[in-house]
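Encoded as structure tokens, the structure appears first; notes follow it.
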Amino acid sequence: MSIILPDRPGFYALVWEIVRQVPAGRVTTFSQVASMIPPPEGVKPEDYARLGARWVGDALNRVSLVDDPNIPWHRVINVRGTSSLPENSEGAALQRGRLRAEGVMPPDSEAVDLAAYGWEGPDPAWLAARGLLPPKPIKLNADGDAPAQMRLF
DNA sequence: CGTTTGACTACGC
DNA sequence: CGCGTAGCCAAAC
């Protein structure tokens with residue numbers, strides 16, 4: 001890992017290690033990645049479900065500055081199945097292009113079908129060896145669609 | 001220094 | 001394609 005940065009102890013590094021294992025043709029979500037990392041001391045579990053996702057976003061934001069080929073940041077999307085980068089940004093276009101190239105995002109849609117392409121998570125032994133938790137399944141509607149949710153930023 | 005700002009999401013209206 | 005908000009943290013102003 002060539003990137004050095006201050007962070008809550010190890011959190012960002014764990015995010016990168018997890019994201020590194022998402023294979024081509026699959027995607028994961030901010031919240032799913034967060035669900036594998038135990039909540040830091042003092043963070044209420046019910047809050048962590050939401051806060052952790054945001055921290056994962058922070059971790060990836062740092063990585064994308066370098067675009068480290070070992071860390072497939074483009075395979076991490078929000079729980080709706082869409083890119084969380086600003087709508088018209090270069091990064092969003094790059095992400096969508098890569099996801100389409102990997103065959104998980106239709107050319108005529110902005111959304112990945114999480115039920116079909118969602119990642120099952122790292123090898124359980126790999127997780128256990130690092131003190132990480134089994135990933136929480138991606139939450140889907142009865143339809144199998146990702147939930148609707150507005151963008152905040 | 002104090003304030004603002006984000007690659008988020010579950011929940012209450 | 002509902003909207004606003006809370007929750008915490010690190011960085012940038």
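Excluded from the calculations below are hydrogen atoms, water molecules and symmetry mates; all remaining heavy atoms, backbone and side chain alike, are included.
- With the nearest nucleotide of DNA chain B identified for both H74(A) and E46(A), H74(A) has the one nearer the 5' end.
- The distance from atom CZ of R80(A) to atom P of dA7(B) is 13 Å, rounded to the nearest whole Å.
- Atom CG of N78(A) and atom P of dA10(B) are 10 Å apart (whole Å).
- Nucleotide dC8(B) holds its C1' atom 13 Å from the CG atom of D47(A), rounded to whole Å.
- Comparing dG2(B) with dG7(C), their P atoms sit 22 Å apart, to the nearest whole Å.
- Donor-acceptor pairing under 3.5 Å, judged by distance alone, is present between the side chain of R54(A) and the base of dG6(B).
- In the set dA7(B), dC9(C), dC8(B), the nucleotide with an atom closest to the side chain of D58(A) is dC9(C).
- The interatomic distance linking R50(A) (CZ) with dA7(B) (C1') rounds to 18 Å, in whole Å.
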| task | Under the side-chain contact (heavy atoms from CB on, under 4.5 Å) rule, what do I18(A) and L132(A) come out as? Steps first, then yes or no, please. | result | CA-CA 10 Å; I18(A) 291 168; L132(A) 299 176; 4.1 Å; yes
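- Heavy atoms of other residues, nucleotides or ligands lying less than 6.0 angstrom from CG of N88(A) number 12 at most.
- In this structure, the side chain of Y48(A) does not engage the main chain of P40(A) through any donor-acceptor pair within 3.5 Å.
- For the pair N61(A) CG and dC8(B) P, the computed distance is 9 Å after rounding to whole Å.
- Counting to the nearest Å, the P atom of dA10(B) and the NZ atom of K44(A) are 17 Å from each other.
- A 4.5 Å side-chain heavy-atom check between R54(A) and R50(A) finds every atom pair outside the cut-off.
- In this structure a side-chain-to-backbone donor-acceptor pair under 3.5 Å is present from R100(A) to P106(A).
- Set against dC8(C), dA10(C), dA7(B), the side chain of W73(A) has dA7(B) as its closest nucleotide.
- Although no hydrogens or angles enter the test, the distance criterion places a donor-acceptor pair under 3.5 Å between the side chain of R26(A) and the main chain of G118(A).
- Atom-to-atom, CD of E41(A) to P of dC9(C) comes out at 12 Å; the value is rounded to the nearest Å.
- Judged purely by atom type and a 3.5 angstrom limit, W119(A) has no side-chain atom pairing as donor or acceptor with the backbone of P23(A).
- Nucleotides dG2(C) and dA7(B) are separated by 23 Å at their C1' atoms, to the nearest Å.
- Each of dA7(B), dA10(C), dC8(C) was ranked by its minimum atom distance to the side chain of Y12(A); first place goes to dA10(C).
- Picking from dT9(B), dG6(B), dA7(B) the nucleotide with the shortest atom distance to the side chain of L60(A) gives dA7(B).
- Residue R62(A) places at least one side-chain N or O under 4.0 Å from the OP1 or OP2 atom of dA11(C).
- Rounded to whole angstrom, the span from the CD atom of E87(A) across to the P atom of dA7(B) amounts to 13 Å.
- Of the residues in residues 26-36 of chain A, those with a non-hydrogen atom less than 4.0 angstrom from any atom of DNA chain B are F30(A), S31(A).
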